[in-house]
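Step one of this worksheet: look at the structure below.
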Amino acid sequence: MAISVRKAVLPVAGMGTRFLPASKAVPKVLLPVVDKPLIQYAVEEARAAGVEEFIFVTGRGEATIRDHFGHDEALAAYLAARGDNAALAATAGAVLAPGSDAFARQEEPLGLGHAVLCARDLVGDEPFAVLLPDELLFGDPPCLAELVGIHGRTGGSVVALAEVPQRETGRYGIVQVAAEGEDGALPLAGMVEKPDPARAPSRLALIGRYILQPGIFARLAAQTPGAGGEIQLTDAMAVMAREEQFHGVRFNGRRFDCGSPMGAIQATIACAMERPELRQELLSFLREVTPSP
Ligand code: UTP
C-alpha cells in the first residue's frame with residue numbers, strides 16, 4: 001500500500017554565513033541558480049513527490065519568501081499588458097495555491113533540529129518530508145519522489161544518502177548501516193553528526209532529504225545541544241534509528257551544495273548547459289576565460 005506524504009518542511013532560517021554579504025538582506029535560498037531561486041527548485045521537487053502543503057521555517061527574510069510564492073497582481077498586469085507570456089508563465093509557476101503554504105518562525109538559529117521542531121504544530125501527527133533547499137538535487141526519479149516510493153514499501157523513516165570522501169565526513173551527518181537491505185533500502189542502525197574521519201561509521205552522508213515519523217518531535221524536544229552547540233536533527237534521528245524502522249537510500253543523481261559559492265557556481269553552470277538558449281554562448285564564454293594548456 002502506497003503511503004503518501006502530504007506535508008514538507010523547508011527550514012530556511014539559517015544565517016547563510018558562507019554567502020555573505022549576498023545573504024545579508026536576501027535569504028540565501030532566494031539566490032538564483034540561472035533564473036530560479038534555490039527554494040523554488042526544492043518546492044518543485046516536493047510537489048513532484050506528491051506534497052501538497054509547504055511549511056517554511058523562517059527567520060529574517062520571511063516576507064520576501066512569502067512574496068516569492070504569492071500572487072503579484074501588479075506584476076501580472078504589467079506582463080500581460082506587454083504580452084510577455086513567457087515571463088507571465090514563469091512568475092505564475094512560482095505561485096503556491098492559497099492555503100498550501102504555511103510559515104513557522106524560528107526566532108534564533110539554534111540548529112536544524114530546532115528549526116524542524118518549530119514546525120511541530122503545523123505538521124501534526126503524520127509522516128512528513130524535510131528538504132534542505134541549499135542541497136540542489138537532480139535525479140530521475142527526483143530524490144524526494146524516490147524516498148516516498150521506498151517509504152511506501154518500508155514505512156518508518158527514510159533518508160537520502162550519498163557517498164563522500166573519507167576526509168570530508170566532518171562536514172556531514174554520517175550513517176551507520178545495519179544490513180545490506182533490499183531494493184535499495186538500507187536499514188540504518190544509527191548516525192552521527194560531523195564525525196572525525198577516523199571515527200566515521202561509514203562514508204554515507206545525509207544530503208538534506210528526509211521522510212520522518214512525527215515521533216521525531218518528542219526526540220527533538222528532549223535533545224540537548226550537540227555539534228556546534230546546535231540542536232541537531234541527526235542526534236534525534238540517531239535515537240529514533242535505534243528504536244524504529246529507519247532506512248537510507250543512495251541518491252544516484254547530481255548534487256550541488258549551493259550553501260557555498262562554489263557549489264552555487266557549479267550548479268549555475270550545469271543548469272545553464274541544459275538550457276538550449278544559453279548553452280552555446282556559455283560554452284564560448286567558458287572557452288574564452290579558460291587558459292589554453
Ligand atoms: P546550513 O548550515 O547549510 O545553513 O543549514 P546556514 O546555517 O544558513 O549556512 P552557513 O553555514 O551559515 O553558511 C542547512 C539548512 O538548515 C537551515 C538553513 O537555513 C539551511 O536551509 N537552518 C539551519 C535553519 O533553518 N535553522 C538553523 O538554526 C540552522
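Keep in mind the model is a prediction, meaning the values are calculated, not measured. First listed ligand is number 1; within each ligand, the first listed atom is number 1. All heavy atoms count here, side chains included; hydrogens, waters and symmetry mates do not.
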Structural part of E108 in contact with ligand 1, heavy atom criterion under 4.0 angstrom: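 Neither; no heavy atom under 4.0 Å.
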
Ligand 1 atoms in contact with [X] (distance to a heavy atom under 4.0 Å):
X	answer
P109	28 (O)
A115	24 (C), 25 (O), 26 (N)
L110	28 (O)

Shared hydrophobic cluster, [X] / [Y] (ILVMFWY, side-chain heavy atoms < 4.5 Å):
X	Y	answer
V9	V159	yes
L10	V158	yes
V51	I39	yes
V29	L144	yes

Protein residue, atom and distance nearest to [atom], heavy-atom basis:
atom	result
atom 11 (O) of ligand 1	R18 NE, 3.3 Å
atom 4 (O) of ligand 1	K28 NZ, 3.1 Å
atom 8 (O) of ligand 1	G16 N, 2.8 Å
atom 25 (O) of ligand 1	A13 N, 2.8 Å
atom 16 (O) of ligand 1	L112 CD1, 3.7 Å

Classify the angle between the aromatic ring planes of F217 and F128 as parallel (below 30°), tilted (30 to 60°) or perpendicular (above 60°). parallel

Heavy atoms only: which of P11, G111, S260 is nearest to atom 27 (C) of ligand 1?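 Nearest heavy atom to atom 27 (C) of ligand 1 lies in G111.
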
Which is closest to atom 20 (C) of ligand 1 in terms of heavy atoms, T17, L233, L132, D134?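 The residue whose heavy atom sits nearest atom 20 (C) of ligand 1 is D134.
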
Tell me whether R279 contacts the main-chain N or O of M273 through its side chain, where contact means a donor paired with an acceptor under 3.5 Å.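 Checked: pair present.
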
Any heavy-atom pair between the side chains of E135 and L206 that's under 4.5 Å? no

Do the side chains of R209 and E146 get close enough for a salt bridge, i.e. N-O under 4.0 angstrom? no

Pairing of E243 and R219 as salt bridge, 4.0 angstrom limit: yes

Nitrogen or oxygen atoms of [X] and ligand 1 under 3.5 Å apart:
X	value
G14	yes
M15	yes
P133	no

Do the ring centers of F54 and F69 come within less than 6.0 Å of each other? no

Would Q106 count as a contact of ligand 1 if the rule is a heavy atom under 4.0 Å away?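 Distance cut 4.0 Å: Q106 passes for ligand 1.
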
